[in-house]
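Here the structure is a predicted model, which means the values were calculated and not measured. The chain is numbered in sequence order, starting from 1.
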Amino acid sequence: MFCLKPSSLVLPKCEPGGGFSCPAAVRVLAPSKPQLVIPRRTWRRKFSSSSSSSVAVVQVVASSSSSSSAQPSTAVVKKNGLHFSGKERVDVLAEALPFIQRFQGKTVVVKYGGAAMKDESLKERVIKDLVLLSCVGLRPVLVHGGGPEINQWLNKLGIEPKFKNGLRVTDAVTMEVVEMVLVGKVNKSLVSLINRAGGCAVGMCGKDGKLITARSVGGGLGYVGEITAIDTAVLKGIIRHGHLPVIASVAADKEGQAYNINADIAAGEIAASLGAEKLILMTDVPGVMRDFKDINTLVREIDIKGVRKLIQDGVVSGGMIPKVECCVRSLAQGVHAAHIIDGRAPHSLLLEILTDEGAGTMITG
């Protein structure tokens with residue numbers, strides 16, 4: 001019998017739009033010793049964290065015996081104090097497989113904001129989930145706002161944020177701050193996080209490639225814009241080459257004047273123009289609920305007709321109305337399904353796309 005001390009095994013890095021290769025044997029790297037090749041069936045594995053999220057690092061303890069009665073060891077993963085057997089992990093993969101096959105090569109537009117953007121641990125999970133979706137062949141597109149960050153910088157500059165009917169009043173000075181924060185800070189921060197997690201992100205805003213053309217909504221809101229045209233020519237090229245677009249919700253009119261665009265609306269219009277399989281709005285609520293105080297009243301799936309009735313009956317109200325209407329508009333323009341999920345829940349994005357149960361409300365045409 002021989003025994004090796006735990007060593008680090010680096011698994012193959014997955015490429016956007018590609019998958020993982022599964023070697024028939026594992027090569028264990030032992031410092032200052034010859035490399036040994038150990039068959040998969042004799043692994044005993046224990047996952048550990050890695051400082052580099054672009055590869056998976058596994059601690060390996062290998063053993064071998066000449067005895068014919070030797071049995072393969074059982075893989076056990078410890079995550080947040082919970083133990084998962086190899087069978088349980090395989091069951092998870094088996095459940096996800098039909099969803100991966102169904103959505104491989106499909107475009108999924110995700111609107112990202114709220115608490116999931118403010119909490120660093122939640123942000124890291126969302127980023128890794130997006131990279132995972134890209135690795136298994138989906139084509140995610142991330143659209144983001146950044147309201148809390150804008151308010152923070154306005155306060156630093158001694159400018160009081162103003163709102164009217166829930167919309168930010170955006171004068172010329174505020175618009176400069178909005179563009180600086182969304183395009184220059186938040187966008188590039190998300191791009192860096194995705195790249196560090198093993199993805200290949202490209203940051204842009206509505207101005208780039210004339211992606212979003214806008215005009216003023218009026219009503220004394222200043223440079224708050226409504227979308228008049230979408231041009232996805234450049235965006236489609238980015239997606240086609242396996243990159244993950246990260247889009248800040250800032251647009252311009254034909255004269256080049258910048259406008260602040262609602263990120264939900266921007267995501268919905270982009271999803272419709274791309275003919276996306278899914279539009280996913282990450283929010284601070286579990287989804288559409290018949291009683292917002294009772295999680296058990298969460299509506300798992302509903303069609304457009306049902307949603308409109310909920311609005312008429314006053315069940316859907318307040319800030320949920322524009323989100324639902326955004327979903328309905330995108331469905332009417334060809335998006336196959338729209339989802340409202342809780343971005344605060346761990347891995348809600350993966351649960352909604354890759355499981356039967358889902359994690360929020362799915363609205364269909």
Distance in Å, Ile230 CD1 paired with Ile227 CD1, rounded so as to fall on 0.5 Å steps: 4.5 Å

Is there a side-chain contact between Pro245 and Val202 in this structure, where contact means two heavy atoms from C-beta onward sitting under 4.5 Å apart? no

Do Arg308 and Val324 have side-chain heavy atoms sitting under 4.5 Å apart? no

Looking at Ala266 and Ile212, what are the two nearest heavy atoms and their distance? CB-CD1, 4.2 Å

Using a distance-only test with no angle check, is there a side-chain donor-acceptor pair under 3.5 angstrom linking Asn296 and Arg290? no

Do Ile261 and Val250 have side chains that get closer than 4.5 Å, going by heavy atoms? no

Does a side chain donor of either Lys278 or His339 reach within less than 3.5 Å of an acceptor in the other side chain? yes

Would you say Lys128 and Val131 make side-chain contact, with heavy atoms under 4.5 Å? no

Donor-acceptor contact below 3.5 Å, side chain Thr170 vs main chain Arg168: yes

Side-chain contact test, heavy atoms from C-beta onward, threshold under 4.5 Å: evaluate it for Leu132 versus Leu350 and give yes or no. yes

Sidechain-backbone polar pair: Asn155 side chain, Asn151 backbone, donor-acceptor under 3.5 Å: yes

Are Ile150 and Leu157 linked, directly or through intermediate hydrophobic residues, by side-chain heavy-atom contacts shorter than 4.5 Å (ILVMFWY only)? yes

Do you know the tightest heavy-atom contact between Glu95 and Thr355? OE2-CB, 3.6 Å

Return yes if some donor-acceptor pair links the side-chain N/O of Lys164 with the main-chain N/O of Gly219 below 3.5 Å, else return no. yes

Between Thr283 (side chain only) and Ile341 (backbone N and O only), is there a donor and an acceptor less than 3.5 Å apart? yes

Point-to-point distance, once rounded to the nearest 0.5 Å, from CD1 of Ile311 to CE of Met320: 10.5 Å

Taking C-beta and beyond as the side chain, do Val141 and Ile239 meet within less than 4.5 Å on heavy atoms? yes

Closer than 3.5 angstrom, by distance alone: can the side chain of Glu277 be matched with the main-chain N or O of Thr107 as a donor-acceptor pair? no

Do the charged groups of Asp342 and Arg344 touch, with an N to O distance under 4.0 Å? yes

Here's a test for you: under side chain to side chain contact (heavy atoms under 4.5 Å, CB included), which of Val110, Asn187, Val191 qualifies with Leu142? Val110

Roughly how far, to the nearest 0.5 Å, is CG of Asp129 from CD of Glu124? 10.5 Å

Closest approach of Lys123 to Met117 (non-hydrogen atoms, all atoms of both residues): CE-O, 3.1 Å

N-O pairing of Lys207 and Glu179 below 4.0 Å: yes

Between the main-chain N or O of Ile265 and the side-chain N or O of Glu269, is there a donor-acceptor pair closer than 3.5 Å? no

Audit row: Leu331, Ile304, side-chain contact (heavy atoms from CB on, under 4.5 Å) steps and yes/no: CA-CA 8 Å; Leu331 291 169; Ile304 292 177; 3.9 Å; yes

Which heavy-atom pair separates Trp153 from Val177 by the least distance, and what is that distance? CB-CG1, 4.1 Å

I need the Leu274 CG to Lys236 NZ distance, nearest 0.5 Å. 6.5 Å

Before accepting this row, confirm whether a basic side-chain N of the pair Asp231/Lys210 lies closer than 4.0 Å to the acidic partner's carboxylate O. no

Close side-chain approach of Thr297 to Ile295, heavy-atom, < 4.5 Å: no

Does the side chain of Lys106 reach to within under 4.5 Å of the side chain of His336, using non-hydrogen atoms? no

Side chain Asp294, main chain Asp291, donor-acceptor under 3.5 Å: no

ILVMFWY cluster, Val186 and Tyr112 together (side-chain gap under 4.5 Å): yes

Do Ser330 side-chain atoms and Cys327 backbone N/O form a donor-acceptor pair below 3.5 Å? yes

Count the heavy atoms of every other residue, nucleotide or ligand shown that sit under 6.0 Å from CZ of Phe292, and state whether that count exceeds 12. no

With distance as the sole test, does Ser192 use its side chain to make a donor-acceptor pair with the main-chain N or O of Lys188 at under 3.5 Å? yes

Please name the pair of heavy atoms, one in Asp264 and one in Asn262, separated by the smallest distance, quoted to 0.1 Å. N-OD1, 2.9 Å

What I want to find out is whether Asp253 reaches Arg215 closely enough, with some N-O distance under 4.0 Å, to be called a salt bridge. no

What are the two closest heavy atoms between Arg125 and Pro346, and how far apart are they? NH1-CG, 3.5 Å

Salt bridge Asp313-Lys309, side-chain N to carboxylate O under 4.0 Å: yes

